[in-house]
There are 2 protein chains.
Amino acid sequence: MGRANGMGETETSSPPHTFGLPIPLVRIRGVFDTLPRSERKVADYVLDHADEVIYSSVTDLAQALEVSESTVVRFCQRLGYQGYPEFKILLARDLGTPFRDTYDTLDPQDDVATIVRKTFQMSIQAVNDTLAVLNPDSVREVVNLLLSAHHVFLFGCGGSGGSAQIAYQKMLRLGLPCSVCTDPHTQTLLAGMASKQDVVIGISYSGNNEDIVRTMRVALERQAKTVAITNYPISPLAKMANVVLLTGAAETPLVSESGPSRVVQLAVIDVLCTYYLLRQRTPDGLS
Amino acid sequence: MGRANGMGETETSSPPHTFGLPIPLVRIRGVFDTLPRSERKVADYVLDHADEVIYSSVTDLAQALEVSESTVVRFCQRLGYQGYPEFKILLARDLGTPFRDTYDTLDPQDDVATIVRKTFQMSIQAVNDTLAVLNPDSVREVVNLLLSAHHVFLFGCGGSGGSAQIAYQKMLRLGLPCSVCTDPHTQTLLAGMASKQDVVIGISYSGNNEDIVRTMRVALERQAKTVAITNYPISPLAKMANVVLLTGAAETPLVSESGPSRVVQLAVIDVLCTYYLLRQRTPDGLS
DNA sequence: ACGAAGATGAAAATTATTTCCTGCTTCTTT
DNA sequence: AAAGAAGCAGGAAATAATTTTCATCTTCGT
């Protein structure tokens with residue numbers, strides 16, 4: 001009901017027009033030579049400032065170019081569009097979403113919106129980088145360990161303690177018998193109680209945290225299965241681990257705790273839990 | 001010679017003033033739950049018929065939906081656009097982009113590498129979505145609060161407790177006087193000690209956690225400045241907050257604790273810390 | 001149940017777009 | 001080189017689209 005009556009009403013709303021050539025920029029170049037003087041002015045401007053034009057009205061454009069509005073409209077119609085609005089829409093489609101300054105660095109002069117965008121972009125970049133360095137085989141290996149684990153210990157200090165905490169909550173909800181500890185002393189004590197059937201996951205961005213390394217060494221001595229989540233494959237922590245899950249967060253110039261290092265830890269944890277869940281549901285042997 | 005005069009105002013026409021990325025579809029999903037009935041109708045239709053909408057006028061759309069034109073315009077403005085035309089243009093750009101949201105669903109048949117890729121992709125998508133719903137003005141507001149805060153309290157329960165923990169570590173290193181608490185009872189006690197000059201940040205994905213809401217209410221009564229980090233703008237937590245920082249993680253079909261909900265919390269926290277640092281370094285007055 | 005806050009649509013006000021008309025230029029033809 | 005034809009350009013009127021205002025109605029919280 002809604003659709004039928006609404007559309008047929010006005011002639012201007014004809015849905016499927018200009019099927020043939022919806023590519024304004026190309027078409028402009030095609031007819032450029034045949035355009036009269038004023039319209040050529042319009043064409044020039046549009047080709048140069050397409051991303052401004054799509055936000056301008058006929059009047060804006062006409063004024064900027066010092067031509068009449070009629071000229072702009074005629075220009076659009078000559079190109080084959082019904083009028084200026086249609087031209088603008090197609091131009092916008094043609095342009096696509098601007099992702100221009102994605103990789104640039106933070107500038108104190110930037111306004112908040114830009115800071116936000118750039119910071120988020122860095123997180124995304126870090127996740128992508130992690131995708132590149134994280135070995136899927138290691139993921140499978142760890143999930144295999146988790147599936148047969150009697151108990152899972154999660155250890156992290158400082159910021160990584162937060163990641164451990166989050167991992168703990170996720171795993172709890174997956175039905176994994178697990179515990180978390182962010183206190184260095186207690187960690188070591190707990191690790192001393194780990195058995196061969198247990199999995200000990202140590203999290204440290206730098207892989208250099210003494211407490212975690214010590215804890216992992218203890219776990220290793222107890223023959224527990226040790227897993228490291230770290231950014232550095234040759235770190236002391238990585239040496240203590242049976243399996244290493246590598247993150248790929250770039251160093252940040254600001255402060256050590258700043259930047260997306262935690263984001264990627266969580267991304268890795270998320271993968272573990274997701275894959276665990278899938279494996280739990282389907283009988284083994286796949287993948 | 002004629003060039004000089006027209007330029008000053010016209011050329012600027014309207015640099016898209018919208019914050020974040022101009023991704024209408026994501027933004028619609030972000031605010032969908034907060035929309036009134038009629039506007040939700042519009043949202044539904046736009047999500048379903050985006051490629052027709054870009055050729056329709058307000059009148060067309062209003063008729064097709066059997067709502068008033070005012071509603072359509074209000075809908076666009078609520079989304080943050082100046083009006084319908086701007087919305088339409090941005091929508092068109094969005095559509096034009098070839099690789100839009102890749103909501104690849106997980107398939108138990110996938111091999112590990114694919115699972116990893118898809119899971120990471122979901123995190124990236126969530127960060128992008130958050131970029132679309134997070135209001136930079138709110139970020140600035142919160143950082144202003146932080147800059148003049150006597151003390152910052154960070155509260156979260158469960159998984160969000162981990163996020164709070166990470167935020168605490170980051171802020172500590174920025175020299176912010178702060179404390180974190182993940183125990184419901186103690187939280188409330190602490191909040192009862194907050195003063196007018198303090199900032200209380202409550203983190204909860206759903207915004208429904210009773211403990212956090214209670215804690216925030218106490219903080220509000222103490223006239224502390226309250227900040228919420230949540231995915232739901234109309235949640236009880238959001239109501240208790242002077243400023244709301246919105247995340248944009250899509251619901252995940254798996255488990256509540258799964259998915260990138262934590263990742264985006266961290267991304268938001270990261271932005272806070274980054275911008276705080278920049279502001280700290282440069283004398284005020286910018287942006 | 002009552003009041004306040006908010007949602008909705010009708011219509012008015014504003015703004016944008018298109019058409020129409022006129023004067024002008026340019027090109028062609030002689 | 002001059003006259004006519006063709007068609008271009010701009011102003012203004014006409015039309016259409018968009019936004020605001022305002023009165024009414026609904027809903028939510030107390």
Side-chain angles (χ1 to χ4, degrees), chain A residues 2 6-7 9-14 17 31-46 52-92, chain B residues 2 6 9-10 13-14 17 31-46 52-92 213 217 233-236 238-240:
Chain A
M7 286 306 161
E9 194 81 66
T10 53
E11 51 178 315
T12 60
S13 64
S14 47
H17 34 246
V31 300
F32 190 88
D33 293 332
T34 75
L35 292 176
R37 193 171 47 82
S38 290
E39 292 179 29
R40 198 172 291 200
K41 251 165 101 176
V42 180
D44 268 329
Y45 189 85
V46 171
E52 290 169 28
V53 169
I54 58 173
Y55 299 112
S56 311
S57 68
V58 179
T59 315
D60 293 337
L61 196 55
Q63 280 188 359
L65 287 163
E66 296 179 327
V67 300
S68 70
E69 286 126 347
S70 338
T71 300
V72 175
V73 172
R74 272 191 300 257
F75 166 78
C76 299
Q77 292 171 336
R78 189 191 303 264
L79 251 39
Y81 307 106
Q82 259 178 226
Y84 181 69
E86 180 177 315
F87 166 75
K88 228 170 48 170
I89 289 290
L90 266 344
L91 186 60
Chain B
E9 51 169 40
T10 51
S13 58
S14 53
H17 69 293
V31 301
F32 190 87
D33 293 330
T34 76
L35 292 177
R37 192 174 45 82
S38 290
E39 292 178 30
R40 198 173 290 201
K41 250 166 99 176
V42 180
D44 270 329
Y45 188 85
V46 171
E52 289 170 28
V53 169
I54 59 173
Y55 298 113
S56 312
S57 67
V58 235
T59 314
D60 294 337
L61 196 55
Q63 281 189 357
L65 286 163
E66 295 178 329
V67 301
S68 71
E69 287 135 12
S70 340
T71 300
V72 175
V73 172
R74 271 191 300 259
F75 167 77
C76 299
Q77 292 172 338
R78 190 189 301 265
L79 250 38
Y81 307 104
Q82 253 171 225
Y84 181 71
E86 180 176 317
F87 165 76
K88 228 171 46 170
I89 290 289
L90 264 351
L91 186 61
V213 173
R217 182 178 296 118
I234 53 165
S235 59
K239 284 215 180 68
M240 293 297 136

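Here is how names work: the chains are called A, B, and so on, in the same order as the sequence lines, proteins then strands, and each is numbered from 1. Given the structure is predicted, the values throughout are model-derived calculations rather than measurements.
- For the pair B:Leu65 CG and C:dT8 P, the interatomic distance rounds to 12 Å; values are reported in whole Å.
- Here the side chain of A:Val58 is nearest to one of D:dC8, C:dT17, C:dT8, namely C:dT17.
- Look at CZ on A:Phe75: it is 14 Å from P on D:dC8, rounded to the nearest Å.
- For A:Lys88, whose side chain is taken as the heavy atoms from C-beta onward, the closest listed nucleotide among C:dT17, D:dT19, D:dA9 is C:dT17.
- B:Ile89 places none of its side-chain heavy atoms less than 4.5 Å from the side chain of B:Tyr81.
- One interatomic measurement links the two molecules: OH of B:Tyr84 to P of C:dA16, which rounds to 17 Å at whole-angstrom precision.
- Within the nucleic acid shown, B:Ser38 comes within 4.0 Å of sugar-phosphate atoms alone, with no base atom in reach, counting heavy atoms only.
- Residues passing the side-chain hydrogen bond (donor to acceptor under 3.5 Å, both in side chains) test with B:Glu69: none are found, sequence neighbours excluded.
- A straight line from CZ of A:Arg78 to P of D:dA9 spans 8 Å, rounded to a whole angstrom.
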Going 5' to 3' through nucleotides 21-30 of chain D and flagging B where a protein heavy-atom sits under 4.0 Å of the base, S where only the sugar-phosphate is that close, and - otherwise, we get ----------

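- Nearest to the side-chain atoms of B:Gln77 among the listed nucleotides D:dT18, C:dT17, D:dT19 stands D:dT19.
- Note: B:Ser38 OG to B:Phe75 CZ = 12.0 Å, rounded to the nearest 0.5 Å.
- Residue A:Leu91 holds its CG atom at 12.0 Å from CD of A:Glu86, rounded to the nearest 0.5 Å.
- Counting non-hydrogen atoms under 4.0 angstrom, A:Val72 reaches nothing in the nucleic acid.
- Between B:Glu66 and B:Lys41, the closest heavy-atom pair is O-NZ, 3.8 Å.
- Counting only heavy atoms from C-beta on, A:Ser57 has its side chain closest to C:dA16 among C:dA16, C:dT8, D:dT19.
- At least one donor-acceptor pair closer than 3.5 Å links the side chain of A:Arg40 to the backbone N or O of A:Asp33.
- Among the nucleotides C:dG9, D:dT19, D:dA9, the one closest to the side chain of B:Val73 is D:dT19.
- At whole-Å resolution of the value, CD in A:Gln63 and P in D:dG11 are 11 Å apart.
- In this model, the phosphate group of D:dG11 is not approached by any side-chain N or O of A:Ser68 to a distance below 4.0 Å at OP1 or OP2.
- As a whole-Å value, the separation of A:Glu66 CD from D:dG11 C1' is 16 Å.
- As a whole-Å value, the separation of B:Ile234 CD1 from C:dA7 C1' is 15 Å.
- For the pair B:Gln82 CD and D:dT19 C1', the interatomic distance rounds to 12 Å; values are reported in whole Å.
- For the pair A:Lys88 (side chain) and A:Ser56 (backbone), a donor-acceptor distance under 3.5 Å is present.
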